[in-house]
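In what follows, a structure is listed as structure tokens, so that the remarks can point back to it.
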Amino acid sequence: MFKTVLVATDGSDTANRALDAAIDQAVRQDARLYIVHVRLHGRPVEELEHMAEIEHIVPEYEAQASSGTVPFGAALRNHMSDAGHEARIVGELGELILKRAKQRAVEAGVKKVDTLSEGGDYADSILDAIDETGADLVVLGRRGLGKVRQFLIGSVSNKVAQHAGSAVLLIH
């Protein structure tokens, strides 16, 4: 029986499937659920633009884009050129992802839900969150990296699975 379930999410479809599996386990086991999001770093503007569109984020730069004078991606790039804006945009995305994930868990019947926002290396941050929370089940989405690339650079889910010290459920 699991007492503490931790799920990592970035708001992607795979992460949402992992979130649903973690919610299911937390409800079945009456376990505490920790939802962790590791903030994006070193990502191209295109990835942030895609995430902002998926998450339907409407910060002030979108108003500039919607006026028709500047395309959304260009407006985002303009704001991303300032490190302070970049950190704020990444923070807004992360907080929205966590808020939506927590709401989804509560609506599904999870009684104890906490969120964590981490920064740094993705796998190391998830491993730190596992240690911090004492999670005995970790649920992660697994991206389909090519076998050669996966062998050469590894993946977040593989690193976490190898070093977690608790049960790990990988969702495709």
Side-chain angles (χ1 to χ4, degrees), residues 2-29 31-57 73 76-77 80 83 86-87 89-102 104-105 108 110 113-172:
F2 300 114
K3 295 179 182 176
T4 307
V5 178
L6 182 139
V7 61
T9 184
D10 62 5
S12 67
D13 291 339
T14 303
N16 284 332
R17 288 192 299 277
L19 176 63
D20 289 341
I23 288 169
D24 182 58
Q25 287 298 314
V27 169
R28 285 183 193 207
Q29 311 265 344
R32 175 175 295 280
L33 177 63
Y34 285 96
I35 304 168
V36 63
H37 171 75
V38 181
R39 292 180 299 277
L40 291 169
H41 55 82
R43 294 294 185 179
V45 171
E46 291 78 17
E47 284 189 42
L48 290 172
E49 180 182 354
H50 179 68
M51 183 176 280
E53 288 173 355
I54 288 172
E55 295 298 327
H56 306 289
I57 296 204
L76 181 62
R77 282 180 188 84
M80 292 294 288
E86 179 179 354
I89 290 166
V90 167
E92 285 177 10
L93 285 168
E95 290 306 312
L96 182 59
I97 289 167
L98 287 172
K99 179 182 174 184
R100 289 182 178 172
K102 183 175 183 175
R104 192 170 176 159
V110 180
V113 184
D114 293 297
T115 60
L116 300 166
S117 180
E118 303 288 337
D121 177 79
Y122 302 115
D124 289 340
S125 294
I126 294 167
L127 289 166
D128 289 346
I130 294 166
D131 290 342
E132 181 182 325
T133 62
D136 45 15
L137 174 63
V138 180
V139 184
L140 300 170
R142 186 175 189 281
R143 288 198 177 159
L145 294 176
K147 290 183 185 206
V148 172
R149 184 172 175 205
Q150 190 171 357
F151 175 73
L152 293 173
I153 65 170
S155 71
V156 172
S157 59
N158 283 344
K159 184 175 179 180
V160 171
Q162 291 174 0
H163 299 285
S166 57
V168 177
L169 174 61
L170 299 179
I171 304 296
H172 291 273

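By convention here, the first residue in the shown sequence is residue 1.
- Annotation: the span from Ser117 atom OG to Leu98 atom CG amounts to 6.0 Å, rounded to 0.5 Å.
- How far CG of Leu170 is from OG1 of Thr14: 11.5 Å, rounded to the nearest 0.5 Å.
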Inset, instruction - Just do the side chain to side chain contact (heavy atoms under 4.5 Å, CB included) check on Val110 and Val5 with the steps written out, would you? - result: CA-CA 11 Å; Val110 180; Val5 178; over 6 Å; no

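- Rounded to the nearest 0.5 angstrom, Ile126 CD1 and His163 NE2 are separated by 13.0 Å.
- In terms of heavy-atom proximity, Ala21 sits nearest to Ile171 at CB-CD1, 3.8 Å.
- Of the charged side-chain nitrogens involved, none lies within less than 4.0 Å of a carboxylate oxygen, so that Asp136 and Lys3 do not count as a salt-bridged pair.
- Taking CD from Gln29 and OG1 from Thr4, the interatomic distance works out to 11.0 Å, rounded to the nearest 0.5 Å.
- Taking CG of Asp124 as the reference point, atom CG of Leu127 lies at 6.0 Å (rounded to 0.5 Å).
- Each of Leu6, Asp114, Thr133, Val7 was compared with Val36 under the side chain to side chain contact (heavy atoms under 4.5 Å, CB included) criterion, and only Leu6 meets it.
- Between the Thr115 side chain and the Ile35 main chain, no donor and acceptor come within less than 3.5 Å of each other.
- Taking each heavy atom of Gly141 and Ala18 in turn, the nearest pair found is N-CB, 3.5 Å.
- A distance-only check finds a donor-acceptor pair linking the side chain of His37 to the backbone of Thr9 [under 3.5 Å].
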Inset, instruction - Evaluate the criterion side chain to side chain contact (heavy atoms under 4.5 Å, CB included) for residue pair Asn158 and Arg142; output intermediate values, then yes/no. - result: CA-CA 8 Å; Asn158 283 344; Arg142 186 175 189 281; 4.0 Å; yes

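- Smallest separation of non-hydrogen atoms from Leu33 and Ala26: CB-CB, 4.1 Å.
- In this structure, Leu116 and Glu132 approach most closely via the heavy-atom pair CD2-OE2, 3.8 Å.
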Inset, instruction - Start with the C-alpha distance between Arg104 and Leu19, add both sets of side-chain angles, then the distance that settles side chain to side chain contact (heavy atoms under 4.5 Å, CB included), and finish with yes or no. - result: CA-CA 9 Å; Arg104 192 170 176 159; Leu19 176 63; 3.7 Å; yes

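- Closest of all the heavy-atom pairs between Ala105 and Ile23 is CA-CD1, 3.6 Å.
- A donor-acceptor pair under 3.5 Å links the side-chain atoms of Arg17 to the main chain of His172, judged by distance alone.
- Taken to the nearest 0.5 Å, the CG atom of Leu169 stands 11.5 Å off from the OG atom of Ser157.
- Scanning both residues, Asn16 and Gly11, for their nearest heavy atoms gives ND2-O, 3.6 Å.
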Inset, instruction - With side chain to side chain contact (heavy atoms under 4.5 Å, CB included) as the test, would you mind laying out the steps for Gln25 and Leu137 before giving the verdict? - result: CA-CA 9 Å; Gln25 287 298 314; Leu137 174 63; 3.8 Å; yes

